[in-house]
Amino acid sequence: MTRQYKAPRGTQDILPADQPWWDYVRDTAARLAREFGYAQIETPVFEEAPLFTRGVGEVTDIVQKEMYVFQDRGGTDLALRPEGTAPVCRAYLEHGMHSLPQPVRLWYITPIFRYDRPQAGRYRQHHQFGVEAIGEAGAAVDAEVIELLWRLCGELGLTGQTLHLNSIGDQNCRPAYLEMLRGYYRDKLSGVCEDCRARFERNPLRLLDCKQEICRPVIAVAPPIADHLCDECARHFADLCSYLDAAGIPFALNPRLVRGLDYYTRTVFEVQPREEGGQSSLGGGGRYDGLIEQLGGKPTPGIGFGSGIERIVINLKRQEAPLPDARPLQVYVVVQTPAARVPAFRLASDLRRAGVSAVAGSSERSLKAQMRHADALGAVYAAILGERELAEGTVALKHLADGTQETVALAEVAERVGPA
RNA sequence: GUGGGCGUAGUGUAGCGGUUAACACGCCAGGUUGUGGCCCUGGAGAUCGUGGGUUCAAAUCCCAUCGUCCACCCCA
């Protein structure tokens, strides 16, 4: 009669079997971020909704149809975080981080919510590792941030990924380019998909990354934005490329890469895995020199990226990347006689206190059952407490892999089984 | 938002008009005297996603609905 509860559509439980992969990715990301001089930040899971509508852009799909918005009991419009950059910029402003040494380098790992139709590698709740460098306009930070994302993939053991790079200009050169692009499209609108006709009006830059078959030939000969940057943007882009070359990071110039958040300026980039699927992108980001001002701050440049942990894990599994050894359970304490219940519990407790992982078996179960259990849990040792051991203050310590067994004083178990 | 595939024990599957709904793995217990892995035996566990319909008879056919997966779209 009672209904079966399930995780809501598009969400998933990350079960113990998957945790080693998650730990691996999280630990590697955190280590790398610190190595690059980034400090961790955590922002709330929800924010005032206008932060995103204004920051990310009213006409983006994320804002128009993918945000989880709700009112709290006080009537405030809130939104579950649909992306990571705007909240960090809000925190930068709110806490006066402009008075810290610039740029302020921050990283985070956080859940992201988007009301999307779920499919492979796409969820309504997913997790992003992201990085933001705020307060520095020079192309070296762009290269640094890109290097961090690139290194993450490499450190994790992913192979065959490609870095796509483009520049989409700034306030000075983009308007003129968009006019040129419109001019180019104007007489071709009849030969282009329906979405693109809408894009022509609303968001012409997006014409360039339409995937429809009909639009491909039109895009192929469209004027690339990289050829129409103003001097400063062109200079910035050229600098970035030389920094990347210097760091030995291979990149592919992709004139069709524009990305879907309105706040991007100049640099945009994306890392695609070896095996490309529908939505494969492992991570992407770009420069957002106008965002902080948009949010009410003084003009402040910034750059960052977000990378999807679920997708990274999917690719690690697909590529059969090796995982660092998981730490096995060290000791399973076998309760052989009812009289040993308390001493067995005590032994397990003492072991844990000494930093040795241990679980106590149940006196309800037979010796045989407990031994099986110890084996099934992958314990390294079984510590058996029976009448004899109880009388002597010892345990029978059996190494399960090779079957050897010895009698050890209770007080010495920890050091006997401990690492070394 | 649009299109397609699939929903049978915890997991993976078989059955495709009439069966006590099967098998494997997993789980629990036992295989006499204090010891796991292999093996053997037994047990628990499924109103066959849900609701309608067709039929003497439905897990099997039809419809709807929900869920899920995949593609478009969008993005991480």
Side-chain angles (χ1 to χ4, degrees), chain A residues 1 3-12 15 17 25 56 60-67 82-85 109-130 149 152 193-196 198-199 203 206 209-213 257-261 270-273 277-285 304-315 332 334-337 340 361-362 364-390 395-405:
Chain A
M1 264 317 144
R3 111 172 227 284
Q4 266 285 348
Y5 289 103
K6 309 182 192 179
R9 175 153 213 218
T11 69
Q12 54 183 346
L15 298 171
V25 175
V56 178
T60 58
D61 281 5
I62 288 184
V63 166
Q64 281 193 328
K65 44 193 200 190
E66 295 175 5
M67 271 213 297
E83 65 97 41
T85 299
I109 290 176
T110 185
I112 300 283
F113 305 87
R114 287 181 203 163
Y115 188 83
D116 243 5
R117 192 108 167 230
Q119 84 186 252
R122 192 172 82 186
Y123 309 97
R124 288 186 174 180
Q125 180 184 172
H126 76 276
H127 300 261
Q128 284 189 18
F129 164 65
L149 175 58
L152 175 65
C193 76
E194 202 179 318
D195 285 341
C196 279
R199 289 181 182 122
N203 200 348
R206 304 231 45 149
D209 75 335
C210 180
K211 282 104 187 167
Q212 295 294 315
E213 201 54 47
L257 178 63
V258 299
R259 303 193 55 79
L261 286 71
E270 218 169 272
V271 171
Q272 293 292 336
Q279 35 275 124
S280 48
S281 178
L282 289 173
F305 71 78
S307 60
I309 304 208
E310 283 82 354
R311 289 188 187 173
I312 290 175
V313 169
I314 288 169
N315 279 277
Y332 184 101
V334 175
V335 188
Q336 207 269 308
T337 163
S362 159
E364 308 291 304
R365 292 184 172 206
S366 69
L367 174 59
K368 184 194 196 82
Q370 289 181 70
M371 289 301 290
R372 273 189 182 149
H373 200 201
D375 189 61
L377 294 181
V380 178
Y381 290 95
I384 305 158
L385 261 177
E387 314 249 352
R388 204 155 57 227
E389 290 77 16
L390 224 41
V395 285
L397 193 63
K398 180 167 189 173
H399 187 85
L400 291 172
D402 60 26
T404 57
Q405 184 169 325

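Just so it is clear: chains get the letters A, B, ... in the order the sequence lines come, proteins before strands, and each one is counted from 1.
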Item to check | A:Glu310 side chain vs A:His127 backbone, donor-acceptor pair below 3.5 Å | outcome: yes
Checklist entry - Does A:Thr404 offer a backbone N or O that forms a donor-acceptor pair with the side chain of A:Asp402 under 3.5 Å? => result yes
Checklist entry - Closest approach of A:Tyr123 and A:Ile314, non-hydrogen atoms and distance? => result OH-CD1, 3.8 Å
Contact class for [X] (heavy atom, under 4.0 Å): base, sugar-phosphate, or nothing?
X	result
A:Gln125	nothing
A:Gly84	nothing
A:Ile112	nothing
A:Phe129	nothing
A:Ala379	nothing
A:Asp116	base
A:Thr60	nothing
A:Gln405	base

Using atom [atom1] in both nucleotides, what's the gap between [N] and [M] to the nearest angstrom?
N	M	atom1	value
B:A59	B:A44	C1'	23 Å
B:U8	B:C48	P	11 Å
B:C6	B:C27	C1'	28 Å
B:C66	B:A58	P	26 Å
B:G53	B:G17	C1'	15 Å
B:A14	B:C23	P	15 Å
B:U41	B:U32	C1'	15 Å
B:A22	B:A46	C1'	12 Å

If I take atom [atom1] in residue [X] and atom [atom2] in nucleotide [N], what distance separates them, rounded to the nearest angstrom?
X	N	atom1	atom2	answer
A:Gln128	B:C74	CD	C1'	14 Å
A:Arg122	B:G1	CZ	P	12 Å
A:Gln370	B:A29	CD	C1'	14 Å
A:Arg365	B:G30	CZ	P	10 Å
A:Asn315	B:A76	CG	C1'	11 Å
A:His127	B:A76	NE2	P	16 Å
A:Phe305	B:A76	CZ	P	12 Å

Checklist outcome for this item: Residue pair A:Gln336/A:Arg206 against RNA chain B: nearer the 5' end by closest nucleotide is A:Gln336
Item to check | Given RNA chain B, 5'-ward residue of the pair A:Glu83 and A:Arg9, judged by closest heavy atom | outcome: A:Arg9
Checklist entry - Under the criterion side-chain contact (heavy atoms from CB on, under 4.5 Å), which of A:Ile109, A:Val271, A:Leu152, A:Val25 is the partner of A:Ser307? => result A:Leu152
Next on the checklist: Ring of A:Phe113, cation from A:Arg124 - is the NZ or CZ under 6.0 Å from the centre and inside 45° of the axis?
Outcome noted: no
Next on the checklist: On the nucleotide B:C69, are OP1 or OP2 found under 4.0 Å from the side-chain N or O atoms that A:Gln119 carries?
Outcome noted: no
Checklist entry - Between B:C74 and A:Arg117, is there an OP1 or OP2 to side-chain N/O distance shorter than 4.0 Å? => result no
Nucleotide nearest [X] (side chain, heavy atoms from C-beta), chosen from [options]:
X	options	answer
A:Ile62	B:C75, B:U35, B:C73	B:C75
A:Arg259	B:C74, B:A29, B:C75	B:C75
A:Ala396	B:G67, B:U35, B:C73	B:U35
A:Arg199	B:C74, B:A76, B:G30	B:C74
A:Arg388	B:G36, B:G30, B:G34	B:G34
A:Pro118	B:C69, B:G36, B:A76	B:C69

Checklist entry - Is the aromatic ring centre of A:His126 closer than 5.5 Å to the centre of the six-membered base ring of B:A76, with the two planes inclined by less than 30°? => result yes
Item to check | Where RNA chain B forms stems, i.e. three or more consecutive Watson-Crick or G-U pairs with both distances under 3.5 Å | outcome: B:1-7 with B:66-72, B:10-13 with B:22-25, B:27-31 with B:39-43, B:49-53 with B:61-65
Checklist outcome for this item: Quick tally for nucleotides 38-43 of chain B: nucleotides whose base has a protein heavy atom under 4.0 Å get B, sugar-phosphate-only ones S, the rest -, giving -B----
Checklist entry - By side-chain hydrogen bond (donor to acceptor under 3.5 Å, both in side chains), which residues pair with A:Arg206, not counting sequence neighbours? => result A:Asp209
Item to check | Check: A:Lys398 side chain, B:U35 base, donor-acceptor under 3.5 Å | outcome: yes
